[in-house]
Amino acid sequence: MNSQNTQNKFLGALNEKQAEAVTLKNQSALVLAGAGSGKTLVLTSRVSWLIQNQIVSPGGILAVTFTNKAAKEMLVRISSQLPINTRGMWVGTFHGLCNRFLRKHHTDANLPETFQILDSSDQKSAIKRVMKGMNVNEEMYPSKEAQYFINSNKDKGIRSEGVKPHDEHTKKLNEVYAEYERQCQREGVADFAELLLRCIELFTNNSVIRNHYQSIFKHILVDEFQDTSSLQYQWLKLLTSKESFIFAVGDDDQSIYGFRGARVGNMKDFEKDYKIKNVVKLEQNYRSKNNILNTANAIIDNNKNRLGKNLFTDSGDGDLVRQYTALSEVDEANFIIDEIKMLHREGLRYDQFAILYRNNAQSRVIEHAIVSNNIPYRVYGGLRFFERAEIKNGLAYLRLISNKTDDNAFLRIVNFPTRGIGARSIEQLQDLAKNNDTSLWDAALEIESKNEVTKKGIPFFVNLIRHLEDEIHGLSISESIDKIVEQSGLKAHYLKDKDGLDRVSNLNELVSAAVTFLNTVEVDNPDLNLVEFLNYTSLESGELQASAGEDALQLMTIHSSKGLEFDVVFITGLEDGLCPHERSLTESDGLEEERRLMYVAVTRAKNKLYLSLAQSRMLYGQTQYNIPSRFLDEIPEGLIKRMNTVEKSTTNTWDSFSQLPTSSSINREIPIGRQVTHSKFGIGMVIGYEGGENDLRIQIKFKSHGVKLLAMEYAKIEPI
DNA sequence: CCCGAGGACCTTTTT
DNA sequence: GGTCCTCGGG
């Protein structure tokens, strides 16, 4: 009776399609969930429904997401729907879950119990170290390329021995890959891709373990399925048997991570592989007004490669979308701030505004305008907490103490704060380690045993670490960090630094992060807790609840806006070359992915949507004159109001173009940045002039014919 | 060892 | 244009 009520409660909150998805019986399912269609609600309701109706116990559920944030949100929402302890449930990110499997079966996975996780920057320095040891020329083989080579192969499930190098260059890269694999194995560390690959190999090679998990997980749920890589899909397949089902939720129109291995094709494959009878489409949008939604629909309709979906809403037309053509990026920023100030005066909170851009470099000018108007703001992205140098340094002490073979950690701190161990001593250590085939720590031990301990040098370092290890024995993680920060000299070092106070306070925050962590973990084995904490710092970006709830403007790239919503959204830099980005045009599926990006951006808006572009834009130290984004042309006229500087104010007229920097001081009739039409080439934009008074040539970037240099005297062009 | 000059880099990003 | 890295002199 009681259970019936609870069940009705959460089923009652669903529309027909959502309920259909949630209550599917005995089958795998593909749910095409449009933007704002209640995707998370469906996912969590599905879990609750399965448990409520005793189709599966909490332990028989595996739910996978991409970010820790999404995983956490899911757990919170499930526990609000059901009075159960979610601790026993397997909910997490792909990497987090792999980590969990590998810890549990570390012996079978051929990893030490305390194996540590390398983040991308750790990985990069590890690769650099490998290349140095092999005497590989960094000029010819940049470490970045090697890193890309290694990761893209791992992401395809290919080990170095499986690579078939077709030229000398790849052959060399693959030697680096092979050596890197050996180094990681020796040091007991795993990079992100390794977690997944190692886990897949574990399941593939060990049928006992595979069968065990296949029989446990009856229902596997996957969020953001369109973002899964082929390796992740393979992982999912290994976890399912004939008796288990996958419930995949995704939106092919929001697939914007192709560049990092996401494979939208997994959706079609999944339909086939799991014999999906009917794909459930969630097309009712609960977020945006009609004009915004129709704008999004019109844009995405230009993509050929779609599963097909059309969002609708019954929330009314709302305001027209507004397009603003600015003179420059500064003008664009000022326009945005003016609009925000106006709407804020009308009572909108600052945190209900999002300013979106295609790349991070665009944020500077906007930030400048915000700062000079004294408005609070927050920029997403950038350095995360656990990626900060001082945090990584502090953690490296912990890492080394818990895993002496971690050479990365060793090198990071052996001379930090400086203690008289220069490049020479380190080289010596590395030679010794190489000859004895040991870790740097063991090499350091050998040197220590033969030398007197002084105030500096390697023997001093060895004893410092030993001392720290003794000191923190039996202490909690937070107390340990506190001790280490103090006694390693880190704190003193940063206090001396002129802008080191921030770093010291970050280190203090690390102590509180450890306290928070301990509160969320069941305390059984304190030693393993330390290892788990270290993994947590690698797997979790650590943005924490930092400045959440603060009433501030939200600045972020379009990519990081996915999944969020705001009352008012500004999409900036809508120029061809920026959005769509010029580099995307040469990639296969590039333009369509950019269009999906535009679609994601538009669908973030609830009530008001502004699209802005600049006729001239200073980017990377150069002024560009771009033509308006082709996506703007895809918006039907009835939905949008197009404005430019003339309409905005009387001080900024077309005349102000005469103040723009010019290549020469010739008398020209059409200002740079102005749009023109040509009888043959169509629409374009004036980007410059060449030649003298008698032979003036105008340079125009045309939408469909590229850049042309035309004789001013004869060119049949008309300003628009 | 520290600092400053000079050079290369610059799409998107989570784990 | 800004940042990050490297290298060389003090």
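Throughout, protein chains are lettered first and strands after them, A, B, ... in sequence-line order, and every chain is numbered starting at 1.
A perpendicular orientation is assigned to the rings of A:F203 and A:F101, their planes being inclined by more than 60° (bins at 30° and 60°). Note on ring orientation: taking the six-membered ring where Trp is involved, the planes of A:F410 and A:F461 are perpendicular (angle over 60°, cut-offs 30° and 60°).
Nucleic acid contact for A:S538: none, since no nucleic acid atom lies under 4.0 Å from a heavy atom of the residue. Residue A:N99 is out of contact with every strand shown, counting any heavy-atom pair closer than 4.0 Å. Contact annotation for A:E139: no contact, since no heavy-atom pair falls under 4.0 Å across all strands. Using a 4.0 Å heavy-atom distance criterion, A:D227 is classed as making no nucleic acid contact. Contact annotation for A:E329: no contact, since no heavy-atom pair falls under 4.0 Å across all strands. In this structure, A:N68 reaches the sugar-phosphate backbone alone: every heavy-atom distance under 4.0 Å involves primed, P, OP1 or OP2 atoms, never a base. Nucleic acid contact for A:F94: none, since no nucleic acid atom lies under 4.0 Å from a heavy atom of the residue.
Contacts classified as side chain to side chain donor-acceptor pair (under 3.5 Å) and involving residues 413-426 of chain A (residues at least two apart or in different chains) are given here: A:Y397-A:R419.
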Would you list the protein and nucleotides 3-6 of chain B atom pairs, both N or O, that sit under 3.5 Å from each other?
none

Could you run down the sub-3.5 Å N/O contacts of the protein with nucleotides 3-7 of chain C?
none

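Look at the C1' atom in both B:dT11 and C:dT6: the space between them is 25 Å, to the nearest Å. Using C1' as the reference atom, B:dT12 and C:dC5 are 23 Å apart when rounded to the nearest Å.
For B:dT12, its base never sits under 3.5 Å from the side chain of A:S584 at any donor and acceptor pair.
A:N302 and A:E634 are linked by a side-chain donor-acceptor pair at a separation below 3.5 angstrom, with hydrogens and angles left out of the test.
Nearest to the side chain of A:T93, among B:dT13, B:dC1, B:dT15, sits B:dT15. Comparing B:dT12, B:dT15, B:dC10 by their closest approach to the side chain of A:H559 singles out B:dT12. Checking B:dT12, B:dT15, C:dG1 against the side-chain heavy atoms of A:F259 singles out B:dT12 as nearest.
Contact between the side-chain N/O atoms of A:T418 and the OP1/OP2 oxygens of B:dC2 is found at a separation under 4.0 Å. Within the 4.0 Å cut-off from OP1 or OP2 of B:dT11, not a single side-chain nitrogen or oxygen of A:N360 is found.
For A:H105 and A:Y213, the distance between ring centers is under 6.0 angstrom. Here the two rings, on A:F259 and A:H559, have centers that are under 6.0 Å apart.
By the 4.0 Å N-to-carboxylate-O rule, A:D191 lies too far from A:K124 to be salt-bridged with it.
Using a distance-only test at 3.5 Å, with no hydrogens or angles considered, no donor-acceptor pair links the side chain of A:Q428 to the main chain of A:I447.
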